Amino acid sequence: MLTAKQKELLLYIHERIKETGVSPSFDEMKEALDLASKSGIHRLITALEERGFLRRLPHRARALEVLKLPDSAAPAAPPKGRGAFKPSVVSESRSTGVPILGQIAAGVPIEALQHEVGRVSAPEDLLGHGDHFALEVKGDSMIQAGILDGDVVIIRRSENADSGDIVVALIDGEEATLKRLRKRGNSVALEAANPAYETRIFGPDRVRIQGKLVAMIRRYS
């Protein structure tokens, strides 16, 4: 039997992973549940682990896996603050083939996007509207966002993104990289999610957004 807060957090994590492909940060969880400190989130996650609802993936920052949901999929009360969500109704959904355009560096940028090298199936209700493509991640600079070497990320094509979005950015028209976008006045910062990598700052004319991260696929075998 889960407490109201445990259930609220579990459903919030489940919805965020379903929507973005990565688990939320502790700050996002704290704000969504309107808690005073992150220590409360740690206690809730530990309790959910002990009850078999949640698992922390070893050696991976911000990598949580929802093992099961409570019998009732509706939270006792909706989360507050940024990141609040409405529970979705689970139904049968069709899959669509998303073209894989080669590899993308989540560390040091590599060559720009290549031609289609294969396709991956993804549920249509996960993708939403728009045109999509997929890339295989190479490198470890986004591990604290739950994005690991070998993951396949699904990107919605867009030339615009908000500060804080994880994007595919094309640098100087020839180097593509997966990073979190930060807008700093007239400059554009491409921010890693690994302290071993420095944030790179460019003039706006040097960076072109190719799309925004909407989902991720991970193979465990």
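Keep in mind the model is a prediction, meaning the values are calculated, not measured. We number each residue from 1, following the sequence as shown.
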Criterion side chain to side chain contact (heavy atoms under 4.5 Å, CB included) on Thr199 and Arg184, from CA distance to verdict
CA-CA 12 Å; Thr199 296; Arg184 300 181 178 179; 4.2 Å; yes
Where do Val152 and Leu135 land on the side chain to side chain contact (heavy atoms under 4.5 Å, CB included) test, with the steps shown first?
CA-CA 6 Å; Val152 174; Leu135 296 162; over 6 Å; no
Under the criterion side chain to side chain contact (heavy atoms under 4.5 Å, CB included), I'd like the reasoning laid out for Lys138 against Asp149: C-alpha separation, chi angles, the key distance, then a yes or no. CA-CA 5 Å; Lys138 303 302 293 182; Asp149 184 68; 4.0 Å; yes
Discussion item. As a quick check of understanding, evaluate side chain to side chain contact (heavy atoms under 4.5 Å, CB included) for Ile166 and Ile147, giving each step before the final call.
Written reply: CA-CA 11 Å; Ile166 295 177; Ile147 303 172; 4.1 Å; yes
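Note on Leu48: it does not cluster hydrophobically with Leu67, by side-chain heavy-atom contacts below 4.5 Å among ILVMFWY residues. When the side chains of ILVMFWY residues are joined at heavy-atom separations under 4.5 Å, either directly or via intervening members, Leu54 and Leu69 end up in a single hydrophobic cluster.
Listed here is the closest heavy atom pair of Ile104 and Leu178: CG1-N, 3.8 Å. Across all their heavy atoms, Arg119 and Gly97 have their closest contact at NH2-O, 2.7 Å. In this structure, Val98 and Ala134 approach most closely via the heavy-atom pair CG1-N, 3.6 Å. For the residue pair Ala169 and Val207, the shortest heavy atom distance occurs at CB-CG1, 3.9 Å. Met216 and Gly146 make their closest contact through CE-O, 3.4 Å (heavy atoms, listed as atom of the first residue, atom of the second, distance). Of all heavy-atom pairs between Asp151 and Leu148, the closest is OD2-N, 2.7 Å.
Looking at Val137 and Met142, their side chains never come closer than 4.5 Å, going by heavy atoms from C-beta outward. You'll find the side chain of Arg180 stays beyond 4.5 Å of the side chain of Leu190, heavy atoms only. Under the 4.5 Å side-chain criterion, counting only non-hydrogen atoms from C-beta, Lys5 is in contact with Leu35. The shortest distance between side-chain heavy atoms of Ile201 and Val188 does not fall below 4.5 Å. A 4.5 Å side-chain heavy-atom check between Gln103 and Glu136 finds at least one atom pair inside the cut-off. Here the side chains of Val214 and Ile154 are in contact, with some heavy-atom distance below 4.5 Å. Looking at Ile45 and Met29, their side chains come closer than 4.5 Å, going by heavy atoms from C-beta outward. Looking only at side-chain heavy atoms (C-beta outward), Asp27 and Lys38 come within less than 4.5 Å of each other.
More than 12 heavy atoms of other residues, nucleotides or ligands sit less than 6.0 Å from atom CG of Asp205. The environment of Arg208 atom CZ is sparse: at most 12 non-hydrogen atoms of other residues, nucleotides or ligands sit within 6.0 angstrom.
Note: Ile143 CD1 to Asp140 CG = 5.5 Å, rounded to the nearest 0.5 Å. Summarising the geometry, atom CD1 belonging to Ile41 is positioned 7.5 Å from atom CD1 belonging to Ile13; distances are rounded to the nearest 0.5 Å. Atom OH of Tyr12 and atom CD of Glu28 lie 5.0 Å apart (nearest 0.5 Å). For the atom pair CZ of Arg218 and CD of Glu65, the computed distance is 9.0 Å after rounding to the nearest 0.5 Å. Atoms NZ and OG, from Lys30 and Ser37 in turn, are 7.5 Å apart once rounded to the nearest 0.5 Å. For the atom pair Arg200 CZ and Ile171 CD1, the distance stands at 4.5 Å (nearest 0.5 Å).
Between the Ser163 side chain and the Lys183 main chain, a donor and an acceptor come within less than 3.5 Å of each other. Counting only distance, with no hydrogens or angles, the side chain of Asn194 and the backbone of Ala196 share a donor-acceptor pair below 3.5 Å. In this structure, the side chain of Arg156 engages the main chain of His129 through a donor-acceptor pair within 3.5 Å.
Checking each of Arg56, Arg43, Arg55 against Glu49 for a salt bridge (Lys or Arg N to Asp or Glu O under 4.0 Å) leaves exactly one that passes, namely Arg56.
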